[in-house]
There are 2 protein chains.
Amino acid sequence: MLHEEVVSRVRYMLMEGEIPPGARVPERDLCLTLGISRTPLREALKVLAAEGYVVLLPNRGARAAKLTQKDIQDLFEVCESLEAAAGELACLRIADEKVDQISVLHREMVKHYQSRDLPQYYRCNRLIHQAIVDAADNAVLASLYESVTTRIRRARFVAPMPPSHWELAVHEHEAILNALQRRDGTGLSHILRRHLRHKREAVERAGFAESSQPVEQQAKPTRRAAAG
Amino acid sequence: MLHEEVVSRVRYMLMEGEIPPGARVPERDLCLTLGISRTPLREALKVLAAEGYVVLLPNRGARAAKLTQKDIQDLFEVCESLEAAAGELACLRIADEKVDQISVLHREMVKHYQSRDLPQYYRCNRLIHQAIVDAADNAVLASLYESVTTRIRRARFVAPMPPSHWELAVHEHEAILNALQRRDGTGLSHILRRHLRHKREAVERAGFAESSQPVEQQAKPTRRAAAG
DNA sequence: TTCGGAAAATTTGAATGCAAAAATGGTCAA
DNA sequence: TTGACCATTTTTGCATTCAAATTTTCCGAA
């Protein structure tokens, strides 16, 4: 019970950048912070290593995994295939009520777009994509999708969405909903692919801008200047 | 170092059915068998749980995950998408030498088919599919593919391959190699999908035959052999 | 000063110990 | 005979402990 909690909390810390990519994950400090002993923390770190959030160096502890541009590219490529697959399967299996629910979410999202409420827009956006994946009714797919999108989200670029891209995204979502209503699996998968590719292009533009100031916090020679 | 070793060994035991699906994984016994203490074993079990090989019940230990027919279906569906994606990406990125290597593997595989050497045929088969995934040059994709195929392999049905299916598989592999040589990503992904769907149908037929004798061995002590 | 090396301190990996929860077994009553 | 209840045993989850490896610090020599 505790161990699951620890995995969630540390994963969250990694996601939020509280532990920056490349930084060491000091067992002792985290134990104090979380108020637990090393055993459950170490178990959690092993799990997070299996999930790809940290890398374990033998006898040298854990480091928060770094997300290179290539890593992000890889994640997006896989995410694209997973979403496309979800779209196809969803069209085979989704119930009318579920489509209606997504339709409601869609209209809500458009409203947030019109009022330029980005956080709420993102919320609906995620719920829609998640609903499509859920409608695919495939636990493995859902699990991998969760893992991949979470890792992508970790590379959170706070770049504002360009208006033209936002408008395009909304248009694509119209097409997504339409294909879903028509149960056009092939069409839906194509739209989802294009949609994600556009998002990826936007993220990559933001990412390149961001990468000018690397957050290297790993092997810095911290010379304590006679502090005691 | 020890912990990695333990993960591998226990995963192997689960793969091989030494610990049958649904059976309890007794910490103490495994510690004695492996000659280690509970700490590294427990860490390994957490990792295997994250990988989907075991399920952890709070205060009730670990059980080897059961593979239902639905689980296998889910795994095959995802595997299909991953292979298709790998095929598309591989055609974009693969070097000529790599294609030649796969071509060599292919011819070797055909020879094993002609001499009806099933184990060697399977070996080449796997190497070819693995080579295509590697050629996609996507670490995330490779990792997920590894995970999914390993889990599928766990549901090993020792059913002999029907000659007609075997012949079809070889023909499909001709087409796979051909598409790869032509760098026809779309074509390759379609062939890979069809190829895997055929395999899945074969496995499902074998699976249904097998499922007549349920392998429920969960609340029983794991008595091996004594096959006289 | 700067470099090299050895001792001290910190940190990691694994074993053991301890309290709590669950499984087991046995007794008694209906 | 069956079923319920309680004590015993086993197992699990986490904390603590111990040895080994690594990092840091200190000191002397070039």
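In the text below, chain A, chain B and the rest are named by the order of the sequence lines, each starting its count at 1.
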| Qualifying residues under salt bridge (Lys or Arg N to Asp or Glu O under 4.0 Å), relative to A:R200, sequence neighbours excluded | A:E204
| query | Looking at residues at least two apart in the chain, or sitting in another chain, which of them share a side chain to side chain contact (heavy atoms under 4.5 Å, CB included) with A:R38? | reply | A:E27, A:C31, A:R42
| task | With sequence neighbours left out, write down each residue that passes side chain to side chain contact (heavy atoms under 4.5 Å, CB included) with B:E108, or none if nothing qualifies. | result | B:L105, B:H112, B:R123, B:C124
| request: Could you pull out all residues at least two apart from B:H195 that satisfy ring-ring contact (aromatic ring centres under 6.0 Å, His included)? | output: B:H129, B:H173
| At how many degrees, to 10°, do the end axes of the helix from C:dT1-D:dA30 to C:dA30-D:dT1 meet when each uses five pairs? | 10°
Report all interatomic pairs (protein N or O, nucleotide N or O of nucleotides 5-10 of chain D) with separations under 3.5 Å.
none

| task | Let me know the distance between CZ of B:R42 and C1' of D:dG13, rounded to the nearest Å. | result | 5 Å
| field | Euclidean distance, atom CG of residue B:N59 to atom C1' of C:dA21 [Å, nearest integer] | value | 5 Å
| Given atom CZ of B:R28 and atom C1' of D:dG13, what is their separation to the nearest angstrom? | 17 Å
| message | Can you measure B:L30 atom CG to C:dA15 atom P for me and round it to whole angstrom units? | response | 14 Å
| Contacts of B:T149 that satisfy side chain to side chain contact (heavy atoms under 4.5 Å, CB included) - sequence neighbours left out | B:C79, B:Y145, B:R153
| Counting only non-hydrogen atoms, which of residues 31-40 of chain A are less than 4.0 Å from DNA chain C? | A:R38
| request: Mark yes when over 12 heavy atoms from residues, nucleotides or ligands other than A:R93 sit less than 6.0 Å from its CZ; otherwise mark no. | output: yes
| field | Residue B:R60, side-chain heavy atoms: nucleotide from D:dT11, D:dT23, C:dA22 that is nearest | value | C:dA22
| Set of side chain to side chain contact (heavy atoms under 4.5 Å, CB included) partners for B:A85, sequence neighbours left out | A:S81
| field | ring-ring contact (aromatic ring centres under 6.0 Å, His included) partners of A:H106, counting only residues at least two apart | value | none
| said: Under the salt bridge (charged side-chain N to carboxylate O under 4.0 Å, His left out) definition, can you give me all pairs with a residue in residues 8-22 of chain A, not counting sequence neighbours? | reply: A:R11-A:E51, A:E16-A:R156
| query | Of all residues at least two apart in sequence or in a different chain, which pass the ring-ring contact (aromatic ring centres under 6.0 Å, His included) check with A:Y121? | reply | A:W166
| message | Rounded to whole Å, please give me the gap between CD in B:E27 and P in D:dG13. | response | 6 Å
| task | For B:E43 and D:dC14, give me the distance from atom CD to atom P, rounded to whole Å. | result | 13 Å
| Rounding to a whole Å, what distance do you find between A:L41:CG and D:dG13:P? | 17 Å
| field | Nearest atoms (heavy-atom pairs only) where B:D74 meets A:D137 | value | OD1-O, 4.0 Å
| request: Please report, rounded to the nearest Å, how far the C1' atom of C:dT12 is from the CZ atom of A:R63. | output: 14 Å
